[in-house]
Protein chains: 2
Amino acid sequence: MTAAPESVPDAAHKAHPERRHAEGAENYAKAIYQLQADDDEPVGTGAVADRLGVTPASASAMLKRLADDNLVEHSPYRGVRLTPEGEQLALEMIRHHRLIELFLAEVLGMPWDRVHEEAEVLEHHISEELEELIATKLGQPARDPHGDPIPSRELDIEDDRTVALSDLEVGGGGVFERVSDRDPEMLRYLDSRGIRPGAAIEVRARDPFEGPIRVSVSGDEHALGTPLARRMRVSAER
Amino acid sequence: MTAAPESVPDAAHKAHPERRHAEGAENYAKAIYQLQADDDEPVGTGAVADRLGVTPASASAMLKRLADDNLVEHSPYRGVRLTPEGEQLALEMIRHHRLIELFLAEVLGMPWDRVHEEAEVLEHHISEELEELIATKLGQPARDPHGDPIPSRELDIEDDRTVALSDLEVGGGGVFERVSDRDPEMLRYLDSRGIRPGAAIEVRARDPFEGPIRVSVSGDEHALGTPLARRMRVSAER
DNA sequence: ACCAGAAGTTAGGCAAGGCTAACTTTCTGC
DNA sequence: GCAGAAAGTTAGCCTTGCCTAACTTCTGGT
Ligand SMILES: [Mn+2]
Ligand SMILES: [Mn+2]
Ligand SMILES: [Mn+2]
Ligand SMILES: [Mn+2]
């Protein structure tokens, strides 16, 4: 046996206070964070329920519990806002999620349209130690396979400087930075067209009434429907 | 889009019928499997309760539910035995567990005394697809970091041909095949002595009344307590 | 053969989360 | 400014697991 102290479990990875919250609370916190975006409007019960696929009644009950746990402030009938503690919890889960997605893609070769579903489960079940081992293995990465920023170990996250592709004028463009990871079909479609985060993209033409948007990506032209273009984010110019 | 069929989700990894059971059922099935060993005595409620750290009352209730789900046969007051379905479920979890342990150790460099705890959680949360990616990455391995055999994809498991080190006579020995993974302290101790699965081991002397066992491992002598020796398994000779 | 203690089960609770149905509050269009 | 619609909440119920306390069954020693 070495001279190492007995039963002192390393004590390293203790940046965040290791609050143990139920998986439910973690999912709600993440959903609220993502719905809150940056406009600091409170988030409605219905929006949370929709995103999590539960009834408004279930969400209402759960939000009250989150309020008791100091994860949200709840004004009945008006909505919820994350407390700083709730935001930390959300960011912790987002860090787990994105690290896992990248790890699955990079280390295990899982296709980028399938990593999301797996990460959605695993994010709640990895230890802080495993989180750290994954981050180290990946070289403390800044972005996940869909271009989304990964919060730092201290849970700082880069603020979003992108605009939706659907909001660009003809002639506008930039780097295709990120895309929603929640629709595998969509990801496979983009992949099959060779459209991936990091590519330069430019709007060539737009049709009115939500018509397709013609873009060029690395030389090729594509006509993208508005729902798709809404989920693709491009670096803000200027 | 390629000519690949739409929405047919690959259909590969479907060897086992993908029964979804609650995490509780998975843990109970695994516990019963491991208590059952090979002596096909039925397993008592108390033994299950002990191993899972719940009260006998809780185990009793749960065993009844497992019986309803056809995972065990339950004779009240006499004990339970796994059904074939229950055994498949147990082996599935054991495969997950041991693949995850090896993966964490080999790919992420997690020390062998810490992989068990992490695997204990993750085994319930990886998809069949991820299981397969891990197995492939590791080259369809046969043993985990503690020397325990990993069930095949078809859930066949090699039967145990080892004896406890504590049961060997002086002069007996063989290959140190495997060691219980449930006590991190013990694993660290063995590791610090350079005693690892695969090493040749021989009993040099024994003291009566559960006294220490003197063994030689790759040239060095060690005195091991009986509780430790009971958890170390050595290849059966002859 | 009996009976005490060990082992197992039942009864009654609790906490998380989900549901539906019914009720309340807020918002909106006239 | 008010009615009806939309949004949110409450009430009552369910499932999964766990608990303690009380009861039942089994077993081993005399
Ligand atoms: Mn994702
Ligand atoms: Mn963390
Ligand atoms: Mn499997
Ligand atoms: Mn293990």
What N/O pairs connect the protein and nucleotides 2-7 of chain D at under 3.5 Å? Give each pair on its own line.
none

- Item | Nucleic acid contacts of residues 118-127 of chain A, taken as heavy-atom distances under 4.0 Å to DNA chain D |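 Contacts with DNA chain D under 4.0 Å: none.
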- Do the charged groups of B:Glu120 and B:Lys30 touch, with an N to O distance under 4.0 Å?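 Salt bridge flag = yes for B:Lys30 with B:Glu120.
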Show me the protein contacts with nucleotides 17-21 of chain D, counting only N or O atoms at under 3.5 Å.
| from | atom 1 | to | atom 2 | distance (Å) |
| --- | --- | --- | --- | --- |
| D:dG17 | OP1 | B:Gly24 | N | 3.3 |
| D:dG17 | OP2 | B:Arg65 | NH1 | 3.4 |
| D:dC18 | OP2 | B:Tyr28 | OH | 3.1 |
| D:dC19 | OP2 | B:Thr55 | N | 2.9 |
| D:dC19 | OP2 | B:Thr55 | OG1 | 3.2 |
| D:dC19 | OP2 | B:Ser58 | OG | 2.6 |

Cut-off 3.5 Å, no hydrogens considered: what does the side-chain donor-acceptor table look like for residues 55-66 of chain A, sequence neighbours left out?
| from | atom 1 | to | atom 2 | distance (Å) |
| --- | --- | --- | --- | --- |
| A:Thr55 | OG1 | A:Ser58 | N | 3.2 |
| A:Thr55 | OG1 | A:Ser58 | OG | 3.0 |

- Item | 5' to 3' contact window, DNA chain C with chain A (heavy-atom distance under 4.0 Å) |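 Footprint of chain A along DNA chain C, 5' to 3': C:dA16 to C:dC27.
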- Item | Option from B:Asp144, B:Asp181, B:Asp183 for which side-chain hydrogen bond (donor to acceptor under 3.5 Å, both in side chains) with B:His116 holds |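 The single option meeting the side-chain hydrogen bond (donor to acceptor under 3.5 Å, both in side chains) with B:His116 is B:Asp181.
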- How would you list, by chain and number, every residue that makes a side-chain contact (heavy atoms from CB on, under 4.5 Å) with B:Asp50, sequence neighbours excluded?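 For B:Asp50, no residue satisfies side-chain contact (heavy atoms from CB on, under 4.5 Å) once neighbours in sequence are set aside.
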- According to the interplanar angle, ranging from 0 to 90°, do the rings of A:Phe103 and B:Phe103 count as parallel (below 30°), tilted (30 to 60°) or perpendicular (above 60°)?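 Ring orientation, 0 to 90° scale: perpendicular.
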- Task: Would you check if the side chain of A:Arg231 reaches a backbone N or O of A:Ala164 as a donor-acceptor pair within less than 3.5 Å?
- Result: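 It does not hold such a pair.
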- Query: CD/A:Glu129 to CG/B:Leu104 distance, rounded to the nearest 0.5 angstrom?
  - Reply: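 If I round to the nearest 0.5 Å, the distance is 9.0 Å.
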- Round to the nearest Å and state the distance from B:Glu26 atom CD to D:dT16 atom C1'.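 Result: 14 Å.
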- Would you kindly give the CG-to-P distance between B:Leu66 and D:dT15, to the nearest whole Å?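 Atom CG in B:Leu66 sits about 17 Å away from atom P in D:dT15.
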- Determine whether B:Val115 and B:Ile100 make a side-chain contact, defined as any pair of heavy atoms from C-beta on separated by less than 4.5 Å.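 B:Val115 vs B:Ile100: side chains apart.
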- Query: Just wondering, do A:Leu165 and A:Arg233 contact through their side chains at under 4.5 Å, heavy atoms?
  - Reply: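 The answer is no, as the side chains (C-beta and beyond) never meet within the 4.5 Å cut-off.
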